[in-house]
Amino acid sequence: MVEINFFKIEKKWQDRWSKEKTFEVKEDSKKKKYYTLEMFPYPSGEGIHMGHTFNFTLVDILARFKRLSGLNVMYPVGYDSLGLPAENAAIKVGTHPKEYTDKSIPNFMKQQKALGLSYDWSRVISTADPEYYKWDQWVFLEMFKKSLAYQKTRAVNWCPSCKTVLANEQAQSGTCDRCETPVKIKHLKQWFFKITDYADELYENIDKLDWPEKTKAMQRNWIGKSHGTQIDFEINKKPWPIFTTRPDTIFGVTFMVISAQHEGLMSLVTKEQKKEVENFLNKLGSVSEKDLAEMDKLGAFTGSYAINPANKEKVPIYVGNFVIADYGSGMVMAVPAHDQRDFEFAKKYKIKIKPVVLKEHNESYSYVMGINEKDIAKIGIKIIEKTEEGFFKIKIPFGKLEEYKSFIRKNLQPGFWNEFSTPKGFYFIFKHKNKKLEEFELNEKTNDLIDNYGMTFNNEKPKKNPENVYSWLAENDFYKELLIHTDTGTLISSGKFNGLDNKEAINQITKEFGKKIVQFKLRDWGISRQRYWGTPIPIIHCEKCGTVPVPEKDLPVILPEKVKFGEGNPLETAKDWVNVSCPKCKGKAKRETDTMDTFVNSSWYFFRYCDTQNKKEIFDKNKVNYWCPIDTYIGGAEHSCMHLIYSRFYTKFLNDMGLLNFREPIKRLFHQGMINDEKGQKQSKSKGNVVEPLKLIQEYGSDTLRFFITSVAAPDKGFNWSTKGIQGSSKLIKRIINYFEESKEEKDSPEVLNKLNKTISNVESYYENFQYRKATIEIRELFDLIEKNPASKETKERFLQILNPICPHITEELWNRLGNKNLISTSEWPKAGKVTDKKSESNLDETVIRDINYFLEKTPTKPKKIYLYAMHFEIKKINKEKISKKVGLPIDVFAVNDKNKYDPQGKAGKAKPGKPSIFLE
RNA sequence: GAGGAGAUGCCGGAGUGGUCAAACGGGGCAGACUCAAAAUCUGCUGGCUUAUGCCUACGGGGGUUCGAAUCCUCCUCUCCUCACCA
């Protein structure tokens, strides 16, 4: 076998593609376009890792396949170079982020080229380029004009020692990740984009996207549209709107909870309660936000009350840590009987619990004393158990309610009562000492029950409230399940709504006390970062004129290079840059020193790819409308929410500006899987488990790496890296090259032709649908066949074309060696010919005759008759007479699913397609 | 708590009603070549056994069907994402 110099071959073709601008494209109205790209990478100094390799290769295969299929394919590349990682990395190494980025990008490019990616290199963009972020600033100003960019105060993580605002990921443990000082919460004025204006469209359009269900579900969850009711509660004589999805439980409200972060909180706190509330708030400050979900419900009484509009009851208002300030109105009506959180809170602070929904149930349980077991068995009621106190626990099916009632009337001992649930409430039967009976539904006569019969609950006579009876009932496990729950059911203790199904009650109570509204979880997008390495926000703060936008002609506002790192916001140290004159009044003014979130940069970069050199406008409308929307976009699932929602938001905004003729940027989305180490752990430098693609390319060649990575990992599932198998791929690639060196040109064997055609059509759909792994398998099978059977030059060429998307270099080389002057990369994908199915042509009769003869040899006594059982779809193919003649015995043929067949030994079940079963009698 | 994806042989993973003891790869075993090794090639890789056979087997139970890895149903487990959203 010849030694192969992969490096030389790869370099040769990479140079040729570059020289001939093979992958550079222009708009062409006559050609169908295809726009595909991966989420552009953040260019780290460490170069590309396996995850990148996997991601890039997946997209490259698609791009190359689409190109072969005759489409005008744009596959661009760029760098998401602004951002915190670059800033941190630079500070760590002691260089400037710009310098760091300027070094990292060429390194990335070099490695990407080594992989043989078919990028249109004329369209490279970098978000750190002022010519790029100029348009970030421009869009910001456009939003500012339309009040979609605005300022408001928001809490941030603040490290008192570094005097720096920390990103959430820098403050995860509740301490600063650099100096471990506990993080404080600080309120700062910050910039926001009003994405909530688009919340409904963002939500509703999800259905129309050809995206993974999972991603769509995540976006739905993130945007969180929920339908509910708004009801005004009166607080200090003023209405306070409350959002709820369970207005049916309004009679069960026993307290209110306002968010600890709510702006209006202190106005509700009375003098007497101030200390307690402040204590509570101080406790909260030290807890990091991350454990919110596991945290105990905590709170304090504010001293104020709210009036429940349904029953005019006065309920206490608490402040609580589990209520979100900017969802709804920041206060909730708490119904401890029918909400888990409210229940926990009520238990902790000993607030009363009032059940108002009786869960649906099919039977009741009761406890009775002093009855005769046989008597009760006569009416078909079972005794489940006997309690220590001498009660019988019995089960009463609702069908037997009436019989049970009359039984109790007869058998109840004077001075005792019996209670049980009915489908719509509870029923009580009480027998006076004088044997007089009293019976009633609990809802109606509870007070009578208490007053007239002297019933006591835990030796304590309750106040005249139905819910106290319910509380007492709820001490019984069975009744508790009916009363304390979050399920559907029938209303009780709810005035005129009693007996209503709770779904119906939602409608009626909404109509009576409130109105239907829609709430979103989605918040406005806070874009301010108190960081250096980001897009400067083009705003000037003037002492006189206030907030003044930078005039468009002054864009871009370029990030100053001379700044000090280490304390506070570096931009504030660039005094020359900060101090400017006001564009309006020319008076003293200062620049905004916040920079933009990097998600701003990545929200529209795919549009800029269409027109990277444009100095006059963000992009040429016509160019973008030709290429976009993106046909297939590939990237990590971690961007399911933020990046992809922000991009959708930008698209809608730019469409509203009249710059686009579509409202969704991405037609098809695909998430590649993760490449982890052998143990399934994430690869990271600190763990020392990083596999460097470049080394593998040097050792095996990039085609081998590309083939290996696609054959070993399903694109969407990823793979726990092991280099073991790469030898297998290497072998195959070498075998292929070797074969092309040595094989002769012959006439195709039928098997080869058949397999070729099958492979062409299968692989076509595999490439289309990201089933690359299957493609490598089928390619392998085809090659195995070609290697061992005569094949023509044309077949060999087709084989190379099929393989080309995965292994572009060697296929280019072998294509050339076969005498082709053109590039395989721009050749035309082969058309699949006819495929013949060998199996369907095999002769059933022959098989049957052979099988029968075999049996006849084995059987000592000669049978009288033969029964054949064949698949129902094969019956017609069997020639009964022919077989009968050959074997010399009469034959009956049955379909295997024939109900009337003669089959005493159940042989029919043994039949298989192509192989009828036989019974000899 | 909400949502999503899964469970197949030693391993990774195809397979979605019959041609399935289950593709393809990895690993393992045996053999060929070689003084030997690597590379390469060939065969085997559930059990009984060598039969056109039987048994066991696609997470577990139950069902539909002449026939189930595949369809239905219940259960168990695993992974991922979001999460006090009223």
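Here is how names work: the chains are called A, B, and so on, in the same order as the sequence lines, proteins then strands, and each is numbered from 1.
Rounded to whole Å, atom C1' of B/C79 lies 12 Å from atom CG of A/N720. Between A/Q672 atom CD and B/C80 atom P there is a gap of 17 Å when expressed in whole angstrom units. Look at OH on A/Y203: it is 11 Å from C1' on B/G3, rounded to the nearest Å.
For A/M218, the listed nucleotide lying nearest its side chain is B/U81; candidates were B/A14, B/A86, B/U81. Of all nucleotides listed (B/U40, B/G4, B/C85), B/G4 comes nearest to the side chain of A/K214. When distances run from any side-chain atom of A/K788 to the nucleotides B/U81, B/U42, B/U40, the shortest one goes to B/U42. Listed nucleotides B/G4, B/A86, B/C41 differ in distance to A/R735; the shortest reach to its side chain belongs to B/C41. When each of B/G3, B/A86, B/U40 is scored by its nearest atom to the side-chain atoms of A/A217, the top-ranked nucleotide is B/G3. Out of B/U42, B/C84, B/C85, the shortest distance to the side chain of A/K521 is found at B/C85. Distance from the side chain of A/V332 is smallest for B/A86 among the nucleotides B/G15, B/A86, B/G4.
Contact of A/R523 with B/C85 (side chain to base): a donor-acceptor pair of N or O atoms is detected under 3.5 Å. You'll find a donor-acceptor pair under 3.5 Å spanning the side chain of A/K297 and the base of B/C84, going by distance alone.
Here the separation of B/A51 from B/U42, taken at their C1' atoms, is 26 Å to the nearest Å. Using atom C1' as the reference point in both B/G6 and B/U50, the two lie 39 Å apart (nearest Å). Nucleotides B/C71 and B/U81 place their C1' atoms 30 Å apart, quoted to the nearest Å. Remark: the separation of the C1' atoms in B/C48 and B/C33 is 36 Å, to the nearest Å. When the C1' atom is compared between B/A68 and B/U64, the two are found 10 Å apart, to the nearest whole Å. B/A22 and B/U45 have their P atoms separated by 10 Å, with the value rounded to a whole Å. Comparing B/G27 with B/A38, their P atoms are spaced 13 Å from each other, to the whole Å. Rounded to whole Å, the separation between the C1' atoms of B/A39 and B/A14 comes to 30 Å.
Among the atoms of the strands shown, base atoms are found under 4.0 Å from some heavy atom of A/V323. Looking at heavy-atom distances under 4.0 Å, A/S640 makes no contact with the nucleic acid at all. Looking at heavy-atom distances under 4.0 Å, A/G728 makes contact with sugar-phosphate atoms alone, never a base. Within 4.0 Å of A/N221, counting heavy atoms only, lie sugar-phosphate atoms of the nucleic acid but no base atom. Using a 4.0 Å heavy-atom distance criterion, A/T245 is classed as a sugar-phosphate-only contact.
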Could you tabulate the donor-acceptor pairs under 3.5 Å formed by side-chain atoms of residues 323-332 of chain A, not counting sequence neighbours?
residue : atom : partner : partner atom : Å
A/D326  : OD1  : A/R523  : NH1          : 2.9
A/Y327  : OH   : A/S226  : OG           : 3.1
A/S329  : OG   : A/W240  : NE1          : 3.3
A/S329  : OG   : A/P241  : O            : 2.5

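In this structure, the ring-ring contact (aromatic ring centres under 6.0 Å, His included) partners of A/W525, at least two apart in sequence or on a different chain, are A/F193, A/Y646. Under the rule for a ring-ring contact (aromatic ring centres under 6.0 Å, His included), the partners of A/F799 that lie at least two apart in sequence or sit in another chain are A/F783. Taking A/F513 as the reference, nothing meets the ring-ring contact (aromatic ring centres under 6.0 Å, His included) condition, with sequence neighbours excluded. Judged as a salt bridge (Lys or Arg N to Asp or Glu O under 4.0 Å), and not counting sequence neighbours, the contacts of A/K225 are A/D200, A/E204. By the salt bridge (Lys or Arg N to Asp or Glu O under 4.0 Å) test, A/D487 pairs with A/K359, sequence neighbours left out. Scanning for ring-ring contact (aromatic ring centres under 6.0 Å, His included) contacts around A/Y305 gives A/F301, with sequence neighbours left out. Residues forming a salt bridge (Lys or Arg N to Asp or Glu O under 4.0 Å) with A/E263 (at least two apart in sequence, or on another chain): none.
Heavy-atom distances to RNA chain B give each of A/M333 and A/E787 a nearest nucleotide, and the one nearer the 5′ end belongs to A/E787. Mapping A/S226 and A/A714 onto RNA chain B via the closest heavy atom, the residue that lands nearer the 5' end is A/A714.
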- [ ] Report the secondary structure of RNA chain B in dot-bracket form, marking unpaired bases with a dot and bases paired to a different strand with |, and treating Watson-Crick or G-U pairs with both distances under 3.5 Å as paired.
- [x] ((((((((.[[[..)..(.....]]]((((((.......))))))(((....)))...[[[[[..)....]]]]])))))))....
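Pairs of residues two or more places apart, or lying in two chains, that qualify as salt bridge (Lys or Arg N to Asp or Glu O under 4.0 Å) and include a residue from residues 760-775 of chain A are A/K66-A/E768.
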Task: Intermediate values then yes/no, side-chain contact (heavy atoms from CB on, under 4.5 Å), A/H262 and A/L268 - done: CA-CA 11 Å; A/H262 199 282; A/L268 296 179; over 6 Å; no
- [ ] Go through the steps for A/E751 and A/N789 under the test side chain to side chain donor-acceptor pair (under 3.5 Å), then give the verdict.
- [x] CA-CA 8 Å; A/E751 292 102 308; A/N789 294 284; 5.7 Å; no
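Regarding contacts with the backbone of B/G12, every side-chain N or O of A/K717 stays at 4.0 angstrom or more from both OP1 and OP2.
In this structure, A/K347 does not pair ionically with A/E344, as no charged nitrogen and carboxylate oxygen lie closer than 4.0 Å. One finds a salt bridge joining A/R220 and A/D207 here, because a Lys/Arg side-chain nitrogen approaches an Asp/Glu carboxylate oxygen to under 4.0 Å.
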What are the atom names and distances for every N/O pair under 3.5 Å that joins the protein to nucleotides 22-24 of chain B?
residue : atom : partner : partner atom : Å
B/A23   : O2'  : A/E781  : OE2          : 3.3

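Side chains of A/N502 and A/T488: no donor on one and acceptor on the other come within 3.5 Å.
Proximity of residues 250-261 of chain A to RNA chain B (heavy atom under 4.0 angstrom from any strand atom) is not detected for any residue.
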